[in-house]
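This one's a predicted model, so the numbers in the text were calculated from it and none came from an experiment. Throughout, protein chains are lettered first and strands after them, A, B, ... in sequence-line order, and every chain is numbered starting at 1.
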2 protein chains.
Amino acid sequence: MADAKVYRASTTAPVNIAVVKYWGKRDAKLNLPTNSSLSVTLSQADLRTLTTASCSSTFTQGDSLTLNGESSDVSGARTQACFRELRARRAALEAADSSLPKLSTMPLKIVSENNFPTAAGLASSAAGFAALVQAIANLYELPDSPSQLSLIARQGSGSACRSLFGGYVAWRAGDKQDGSDSMADLVAPASHWPNMRALILVVSAAKKGVSSTAGMQQTVATSGLFQQRIGTVVAANMAAMEKAVKQKDFATFAEVTMRESNSFHACCADTYPPIFYMNDVSKAAIRAVEAINAQAGKTVAAYTFDAGPNCVVYYLEEDASAVLGAFSTVLAGVSGWNQASAGSAPSIKLDEGIAGILKDGVSRVIMTGVGEGPMKTDEYLVAEDGQPIAR
Amino acid sequence: MADAKVYRASTTAPVNIAVVKYWGKRDAKLNLPTNSSLSVTLSQADLRTLTTASCSSTFTQGDSLTLNGESSDVSGARTQACFRELRARRAALEAADSSLPKLSTMPLKIVSENNFPTAAGLASSAAGFAALVQAIANLYELPDSPSQLSLIARQGSGSACRSLFGGYVAWRAGDKQDGSDSMADLVAPASHWPNMRALILVVSAAKKGVSSTAGMQQTVATSGLFQQRIGTVVAANMAAMEKAVKQKDFATFAEVTMRESNSFHACCADTYPPIFYMNDVSKAAIRAVEAINAQAGKTVAAYTFDAGPNCVVYYLEEDASAVLGAFSTVLAGVSGWNQASAGSAPSIKLDEGIAGILKDGVSRVIMTGVGEGPMKTDEYLVAEDGQPIAR
């Protein structure tokens, strides 16, 4: 008798923003990085991917993936690698226990949605691949730990491996050729340093820049400074950052975060031809953070930029008034501020030049903070009958 | 009987634009660099400083310096170092030949003028100190070679040592503690590769950035990537550049020029806090040069940026139509184009985004080319009676 049941499992997964940056692959196929990295997982209340993985022998179209309502190609090597690895693990369980339904042989139907606009230009592939891997792992009832799953998610998108944990997460580069030691681990849970906050300044870019996959390989191939970064700079920053997180030392956390962002973008600028992700608005955000720290008389804010012009400002809850006050005065007209920020009195004032550039260039803000890793949910994007659920 | 005569000598001196960049001092007092550099001397028909050095026992106000009609402080260590070194050499001549007038004991009156607007933001200190040193050397009738004089000019402004030669000029970093081997020499005269041209896109900056003297020391002190630049990158670029100049190999000259500019600005971006000299207009100029080379099907243009947003585009006379055509179509409204460029048919078209940014951000252009070193002239800025000449 054929099994016509639709099996389902759902998870949410978070975005993470690196404070020690991943830039450069030593193996492009396996997504093995040239260096370790470290990130802060952001709260899923503000930024998360919700993914339902389902499978059924009645799915006759083969594996499929729907992202934000649009059908997405699953034939790419990265998605295929994730499917293959997860199926192999399920198949091993099935081989060991013949009573288990043969989910590994059924077509997968994956439906995924972000709770934030794609237009925001936030790297969603980390949350996306983390959610995809976790949802299928839930569906398959795999016993694998987050670190073990991170080995799979890494093959989908390098930084995705860090989104399998909440809090403060390291991705160890590893040195094995097969990548079996290139995985994420928990440096500290969100509860260890729960008052870490992030303000994202969404900067409208005239044009999408070089993709990070293409860009990082150009850097590896052409930058004369990059070897120094991966050989010396990052190791020191990883050590300093882990210690800062463990000791909840914001001043060091902030300095390393800013130096790391600078170092990464310097290597982009040293690429031939040069890659520029930051624009004049991004640079005004840097000057604003410097001005806030100078006027506060201590380090209360840190900027970091990924492969785009958006600025992520890390700060502590207790300094919210200083940090948010400075930005919300200038950016009162954009969406994303909540009541807490609107009420704060701005004791810190940005100079008019910086304020003008930010006002013209920042299209919205996102207020968030450190958060948890993937969470199983009974919210489904595929109905019991296997049909996608319209939302 | 007192000697009441006013002794005078005049010289012009050129601007130079480095293709292997000077950035970083290993000795701030002696202006000893962390690395060798190489520059192209630009034609004095377009950019030059004219300086008259005069001395007389009747000058009772002590040493004085007038720059572009304004009195300038001579008490700074750099100017004092130049005066001291030149006087010492003159004093040695006077000691050896008692018939010589005792110019070394007389107050100096130096008057200097640039033939280009200071507002253009072109580094004029190189031409200025080269002219000052050469004018006094002429006044004192010193037998010193340009390389020997470059030792003195270097103490006024590092890059000034390269403006004592025309053509293609290297500044050897040297390794002696007293700086006695840190001097300029001629890689090739202008006549060796006379068809080298330069188009300067003058970009209006909202605000003057960090001074290069302060900036380079911040880089030395804080950049984690800088050691790689001075230890490895520059040596390779110096060797490649000297060979390219000697072989008149424009493709290599251009690639090394662009990579060097990228490397220098990358180290600025890696400084803590980061230094940004290029803005979005500068980056549009880079994209324009890349588009020109792509559409030409070979390397016909090279960009380079000093400590400011202005773009210097090197190209060869035979490619003027392609390079100037592309820029002059977009920048038809700004001053600085000559007839040769206006007549060229634009076969290369820049995309609208780049064109729009350049049109908004480039305030003028300067068309020039490789040129000669300092030239003695009988044009004086101090009259025979010792009075400054109004012009």
> Between Ser223(A), Ala266(A), Ser261(A), Gly224(A), who has the most heavy-atom pairs with chain B when the cutoff is under 4.5 Å?
Ala266(A)

> Could you report the tightest heavy-atom contact between Thr271(A) and Asn262(B), atom names first, then the distance?
O-ND2, 3.6 Å

> By a 4.5 Å heavy-atom criterion (distance strictly below it), what part of Ile275(A) contacts chain B: side chain, backbone, both, or neither?
backbone

> Can you measure from CZ (Phe276(A)) to NE2 (His265(B)) and round to the nearest 0.5 angstrom?
8.5 Å

> Below 4.5 Å, heavy-atom pairs only: which of Met258(B), Gln227(B), Arg229(B), Glu255(B) has the largest tally toward chain A?
Glu255(B)

> Testing the basics here: between Lys283(A) and Met278(B), what is the closest heavy-atom pair and its distance to 0.1 Å?
NZ-O, 3.2 Å

> Quick check for you: among Ala269(A), Gly231(A), Pro274(A), Ser263(A), which has the greatest number of heavy-atom pairs under 4.5 Å with chain B?
Pro274(A)

> Which pair of heavy atoms, one from Leu225(B) and one from Val233(A), lies closest together, and at what distance?
CD2-CG2, 4.1 Å

> Measuring only between side-chain heavy atoms, which start at C-beta, is Thr222(B) closer than 4.5 Å to Arg259(A)?
yes

> Hey, could you give me the CG/CG distance between Asn279(B) and Asp280(A), rounded to the nearest 0.5 Å?
5.0 Å

